Structure formats: C-alpha cells, structure tokens
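Remarks on the structure that follows.
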Amino acid sequence: MTQTPAKTTAAMEATEDSPPGPGPRPADDLGLELVPGKPPILRITEAVAPAHLSEWFGERKSRLEAALLEHGAVLIRGLGVGDAASLGTIAGQLSTTGMQEREAFARRRTLAGPVVSSLEWPSDQPMCMHHELSYGLTFPRLLTIGCFTAPSSGGATGLADAEAVLDALPESVVRRFTEHGWSLLRSYNDLVGMTWQEAFGVTDRAAAEAHCRVNGTTYAWQPDGGLRTEQRRSAVLRHPLTGRRVWFNQIAFLNEWTMDPAVREYLVMQFGGLGLPFNTRYGDGSPLDAETIETINAVYEAATLREPWQPGDVLLVDNIRMAHSREPYEGQRDVGMVLGAPTSLADCSPTHPSFTAAS
C-alpha cells in the first residue's frame, strides 16, 4: 500500500537561508552536519585523549543537550571511543543517573559499569523500530551508544522521529491507540527468549509476583511452570521537556506480524497462538491485524535516518523523541549502550493515568 512519506527531524528541513543542494550544512555553534536521510553528525577533527573525554564533554554538555532537544539525536564521529570504560565516562557526563534494565525481551552482556552490549539478536534478522523499555513505568530518556567494532557490512542503527511518525500515521490508527492504548503479552519459558528469572532479576515466584504488582502487570502461572504476563500502556505520550506528542511504544516490533513468517509459524506450532514469547494487541484486548502492523512499519521506514557505523562513533539518542532499529549485518559488530536519565511514564502525560500505576 502507498503511505504518505513521514517527515524527518527539524534538522533536515531546509530554510530560506540554507545553501542550495543536498550537501551538509552547519547548524548552530556545534557545527552539526545536517544531511537528508542521515542523523545530525558532529565531526571531531582534533584528537581527544581518553583522559580528557570527561572534560571535553563537560565543556559541551549544555550545547549537546540543546542539540538533542532540537534534533533528537547526534552522531559524534572522530572521538575514537574504543572501549566500554570510555563510553561510560561520556555517559556519566551527560546523565548522572543510569538505570538497570528489567523485562528485557532479549539478553545483553554487562561490559563495564553501566555499559551493556546491544541485544543478542540474530545478525541476519532486522531489529525493527522501537523505544527502549517503552512498555515499562520507567524508561531511559537518554541513550549513549558507542561502536567499538563496526561490521563489514550492514548493521546500522536506524533512527525515526517519533513526532514525525505520529503525524504520518493514519488518523484512524492514532485515534484507536490513543483511546485504548496498547498491551504487551509475554509468555516466559525455558526454550525461547528470556526466562522470567532473567527478565525480572529474581529467583522465586513471590518476588516475580511482587514485581508484576508494582509495575501494573497482570500475571498467570502456567502448569509447566512458565509465566504469562500482560501490561497495558499508552501509545502516545508528551515529551517531558518539550511537551510535544510522540508515538512511543513497541507495538509493531513485538507483534507477531512483524516476525519472519517461518519463525511465526514455528512458534505458533510449538506454543500456540496465545503462547508466543511476546505479542502486542490494542489496549482493550482486541488483536492487531497484519495490515495495521504493515502500515506502522511502512511509516517508520519512510522516516528512517541511517548512517553506517565507524569504529569510535558515539551516538546520542533521545529515547522518547526517537525510535531506533538495528539492520542485519555481516562480520563482527561490537556496540555498547548506556541507559540514562530514567523517566517516569507518569511525567509524560499518558493518555490514561490508570496505565501508569499498579492495579
């Protein structure tokens, strides 16, 4: 089906004072390069020693924060950040508070301090657009992502402006999700994905039940010892700093119709339609159809900004403003991330306040 192309960020909209042509143009005193189809890029031409990274970021902190508010993301190229310790230093300058991930849908490795690896996801499969922990009551506002080893091909971290995505989605889709929100259904087992012990960071049922109650999640234990959960959240929020509405969720990424058809068929055969490791629905419990998911993914694709990773790159992402993805790749890809600036769902004007508290 044909979709109206989504707008990209304000960083990519030409003005009357812009020079003609598609080439890069500086934007503000940071000298960001703004090129259609790419995230804003800050190129560093003078080497910064690892011992001076903290000072370098400290001197530019306010300008980087302003750029993130304006553009949603900034790719810093040329710093040569080659390890997790250096990335952790940078993240500490930008956000004094990190957060520990709970209810992850795939495994990560702890690299150093608050730095974790990217999700363990098959390299030949795309990781579709999503916002980190958008199904939680607390989620990071700032992602600090570093590339230590770039793949030989592919593997870009795509970005999509959640304001533009919201504007480009059909009104009927936005209206229904605004009215009802969305639900995430998970079936934890010992065969596919995370176990409930890994996801919740606990080892006994009572602690898992307590976690669910605190986070407004309904739960049911299965005869085989597995756990099924459901949590209802708002699909549209307001950014806590700008007040602008954004499409903030993982409705399409975690839905069965985004899966590879062969994978979906296998999982349904193994676990049944209600036993998929994860799936999404409308907040009123109604199932989602393939056409709606296709529409959402098409709008994301039209809005996607991408730039291949280079070793030493650092990508700063406003996790509420920008969705991100990971494209298939070949070769070794070593990328670290820090989840920073924890933000409460209740501070983002959710459509329904009842979605923000335990029932």
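All values reported here derive from a predicted model rather than from experimental measurement.
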> What pairs meet the side-chain hydrogen bond (donor to acceptor under 3.5 Å, both in side chains) rule with one or both residues in residues 142-152, with sequence neighbours excluded?
Replying inline: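 For residues 142-152, and leaving out neighbouring residues, there are no side-chain hydrogen bond (donor to acceptor under 3.5 Å, both in side chains) pairs at all.
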
> Among pairs that include at least one residue of residues 258-271, which meet side-chain hydrogen bond (donor to acceptor under 3.5 Å, both in side chains), considering only residues two or more places apart or in two chains?
Replying inline: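 For residues 258-271, and leaving out neighbouring residues, the side-chain hydrogen bond (donor to acceptor under 3.5 Å, both in side chains) pairs sorted by first residue read E256-R264, T258-N297.
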
My understanding is that only residues two or more places apart in sequence, or in another chain, count here; which of them pass side-chain contact (heavy atoms from CB on, under 4.5 Å) with [X]?
X	result
D204	A206, A207
A106	L119, W121
L185	S183, E230, R281

>> Is it the case that the ring center of H211 lies less than 6.0 angstrom away from the ring center of F200?
In response: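 That pair passes the under 6.0 Å test.
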
With sequence neighbours left out, write down each residue that passes side-chain hydrogen bond (donor to acceptor under 3.5 Å, both in side chains) with [X], or none if nothing qualifies.
X	result
Y188	R186
Q231	E103
H324	H130, E132

Under 3.5 Å, which donor-acceptor pairs link side chains of residues 110-118 to any protein atom two or more places apart or in another chain?
residue, atom, partner, partner atom, Å
S117, OG, R109, N, 2.8

Please table the atom pairs, donor to acceptor, closer than 3.5 Å between any side-chain atom in residues 331-348 and protein atoms at least two apart or in another chain.
residue, atom, partner, partner atom, Å
R333, NE, G155, O, 2.9
R333, NH2, G155, O, 3.1
R333, NH2, T157, OG1, 3.2
T343, OG1, A341, O, 3.1
S344, OG, A346, N, 3.2

Under 3.5 Å, which donor-acceptor pairs do the side chains of residues 78-88 form with other protein atoms, sequence neighbours left out?
residue, atom, partner, partner atom, Å
D83, OD1, A85, N, 3.3
D83, OD1, S86, N, 2.8
D83, OD1, S86, OG, 3.0

> Can you list the other members of the hydrophobic cluster that holds L69, where links are side-chain heavy atoms under 4.5 angstrom apart?
Replying inline: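 L69 shares its hydrophobic cluster with L241.
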
